[in-house]
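Written out below as structure tokens is the structure these notes cover.
Predicted, not measured: the structure shown is a model, and the values here were computed from it. We use all heavy atoms of the structure for the numbers below, so side chains are in, but hydrogens, waters and symmetry mates are not. In what follows, chains are A, B, ... by sequence order, proteins preceding strands, each numbered from 1.
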Number of protein chains: 2
Amino acid sequence: MQRFKVGELVVDAGTPILMEGSNSPQLFTALHGMGLRYKLLADGKRQVVNMIFPGDFIGLQAGVMGEMGHSVEATTKMTLCVFDRSEFWSFFKERPDRAFSLTWLAAIEEHFMGDALTTIGQRTALQAVAWALSRLFIRADALGMVTNGTMKLPYIQQDIADALGLSLVHTNKTLSVLRSRQLAHWTDGTLRVPDLATLAEIAMLDDLSARKRPIM
Amino acid sequence: MQRFKVGELVVDAGTPILMEGSNSPQLFTALHGMGLRYKLLADGKRQVVNMIFPGDFIGLQAGVMGEMGHSVEATTKMTLCVFDRSEFWSFFKERPDRAFSLTWLAAIEEHFMGDALTTIGQRTALQAVAWALSRLFIRADALGMVTNGTMKLPYIQQDIADALGLSLVHTNKTLSVLRSRQLAHWTDGTLRVPDLATLAEIAMLDDLSARKRPIM
DNA sequence: CGCCCCGCATTAACCTATGACATAGGATAC
DNA sequence: GTATCCTATGTCATAGGTTAATGCGGGGCG
């Protein structure tokens, strides 16, 4: 993997920032733009591990065993802050406050990963997609990226499918169910959520009323 | 959740240490024994998030939003080291080395969670079970808990099933496939892995030779 | 301008891995 | 003895995977 100049870095959509298996000497913080963290399998399957929002720290988890455990790619134009990994330790000594908030961030990530695991492991496709969309929406909202119930979603359906361990086709069908129920309209890179509460509720409980008859 | 005395704590198998939804003011380090970290769903399903081995740090991830995101329970007699959460911040200022290794631990956890996500999301039941067993075996081995290819596994099949998002029945059937292939014998709380390399390989690649005909 | 690609969304038909249910057997505890 | 918990295995039902065909918009290029 290439080495970037320390400081601020701007990359275009589609640019790989970290590559699984490589040995990156650098760490990043996302300042603007969005991205994707994923793992590739031998047979070509892909698991999207997390979506990257502004403020996310990139590369720590990845480099545990000396080499990256996953890849990171921009899905919009992104601005990143680049560190050298070697600065990291001195950082801990000199700025314990920053070190603390970093550990804090890692804890939040892990908290989220537990949710993801639970969703993929235990919930239906409908619940899972509802969960993914409402989570994206909530994160975006917290960052002021939502304007009257609408946000930019710089992903394709395959990204969501790979994040949830579902097939593209089934994800598509599930999305159109949510659309027909007026819960989430995602077209042309824009996501509209008229009723977040209901969407989030479906994510947790599944639609009991639809349980007896076929879900779709 | 009850509050424990700061210092060393010994609990019996089956004791809950943290409870999801409660607000624990304490953190733990596992010294001896093993446990289970899990989340419960409204409908009674359970997702096992991780197995706890000696050396694991407990409670950080859980307390992000002010309340626990998952529960922790001992599956053997355990010895724990108990901290007050309030000590945590001063810890960062006074012992940057310890703080660093803590963040390191968190990163390792997250690395693992990515693997778990990938396994549950993308792999077959056979691969998943092979992955779980080989991972447990490798961790145990690293801690010297393996004696001639054998380790104590203080879990029941339902625990593994809940960790992998599989049903108990299907997990059981998959285990007997692995047993019949001489890859993993798990009976009476003891796991024997005659050929870790092959087991791990199945976890990654699935058994291609069996792919054309039904797997079982 | 029209033509051909190509990536993405959509839909339909079919198939299978896995879940749900049922039942039995072994072990342990009282 | 019997109650409880766990493992084991068979049968049947289904959520979701796989494949394939269609449509559609944008970009390069004659």
Side-chain angles (χ1 to χ4, degrees), chain A residues 13-14 36 41 43-47 73 75 119-130 132 153-180 184-191 202 206-207 210-216, chain B residues 13-14 36 41 43-47 75 119-130 132-133 153-180 184-191 202 206-207 210-216:
Chain A
L36 219 48
L41 280 72
D43 57 5
K45 289 191 218 275
R46 179 181 68 147
Q47 176 69 41
E73 191 176 309
T75 57
T119 298
I120 298 183
Q122 311 292 359
R123 303 209 242 253
T124 65
L126 184 64
Q127 292 178 294
V129 173
L153 242 202
Y155 302 108
I156 63 176
Q157 296 186 358
Q158 185 73 61
D159 294 333
I160 304 296
D162 288 347
L164 299 174
L166 297 169
S167 70
L168 169 60
V169 173
H170 203 256
T171 301
N172 180 300
K173 282 195 268 201
T174 306
L175 282 169
S176 61
V177 170
L178 289 175
R179 204 179 304 129
S180 72
H185 298 251
W186 174 22
T187 30
D188 306 316
T190 298
L191 173 66
I202 287 197
D206 203 351
D207 190 341
R211 223 30 199 304
K212 291 303 169 187
R213 26 195 98 233
I215 283 200
M216 309 192 188
Chain B
L36 219 48
L41 279 74
D43 57 4
K45 289 189 219 273
R46 180 181 70 149
Q47 175 69 41
T75 58
T119 297
I120 297 182
Q122 310 294 349
R123 304 209 242 254
T124 66
L126 184 64
Q127 293 178 293
V129 174
L133 293 186
L153 242 201
Y155 301 108
I156 62 177
Q157 296 186 358
Q158 184 74 59
D159 294 334
I160 304 296
D162 288 347
L164 299 174
L166 297 170
S167 71
L168 169 62
V169 172
H170 202 256
T171 302
N172 179 298
K173 288 181 194 178
T174 306
L175 282 168
S176 61
V177 170
L178 289 175
R179 203 177 309 128
S180 72
H185 297 252
W186 175 22
T187 30
D188 305 317
T190 298
L191 173 65
I202 286 197
D206 205 348
D207 191 343
R211 236 2 211 312
K212 292 303 171 187
R213 27 194 101 232
I215 283 194
M216 312 192 187

When rounded to whole Å, the CG to P distance for the pair B:Asp159 and D:dT7 reads 9 Å
Separation of D:dA15 atom P from A:Leu126 atom CG, nearest Å, is 12 Å
Rounded to whole Å, how long is the line connecting atom CD1 of B:Ile120 with atom P of C:dG19?
12 Å
For B:Ser176, what residues pass the side chain to side chain contact (heavy atoms under 4.5 Å, CB included) criterion, not counting sequence neighbours?
B:Arg179
Whole-Å gap separating P (D:dG23) and CG (A:Asp188)
20 Å
Distance in Å, B:Thr171 OG1 paired with B:Leu168 CG, rounded so as to fall on 0.5 Å steps
6.5 Å
Under the rule for side-chain hydrogen bond (donor to acceptor under 3.5 Å, both in side chains), what residues qualify as partners of B:Thr190, not counting sequence neighbours?
B:Lys152
Note, B:Leu126 side chain near B:Leu178 side chain (heavy atom, < 4.5 Å)
yes
Min side-chain heavy-atom separation B:Thr124-B:Thr174 under 4.5 Å:
no
Just call it for B:Gly189: base, sugar-phosphate, or nothing, with non-hydrogen atoms closer than 4.0 Å on any strand.
nothing
Any heavy-atom pair between the side chains of B:Gln122 and B:Gln127 that's under 4.5 Å?
no
How close or far is atom C1' of C:dT18 from atom CG of A:Leu166, stated in whole angstroms?
15 Å
What are the atom names and distances for every N/O pair under 3.5 Å that joins the protein to nucleotides 9-15 of chain C?
| residue | atom | partner | partner atom | Å |
| --- | --- | --- | --- | --- |
| C:dA9 | OP2 | A:Gln157 | N | 3.4 |
| C:dT10 | OP2 | A:Gln157 | NE2 | 2.7 |
| C:dT10 | OP2 | A:Asn172 | ND2 | 3.3 |

Provide, to the nearest angstrom, the distance between the CD atom belonging to B:Gln127 and the C1' atom belonging to C:dT18.
14 Å
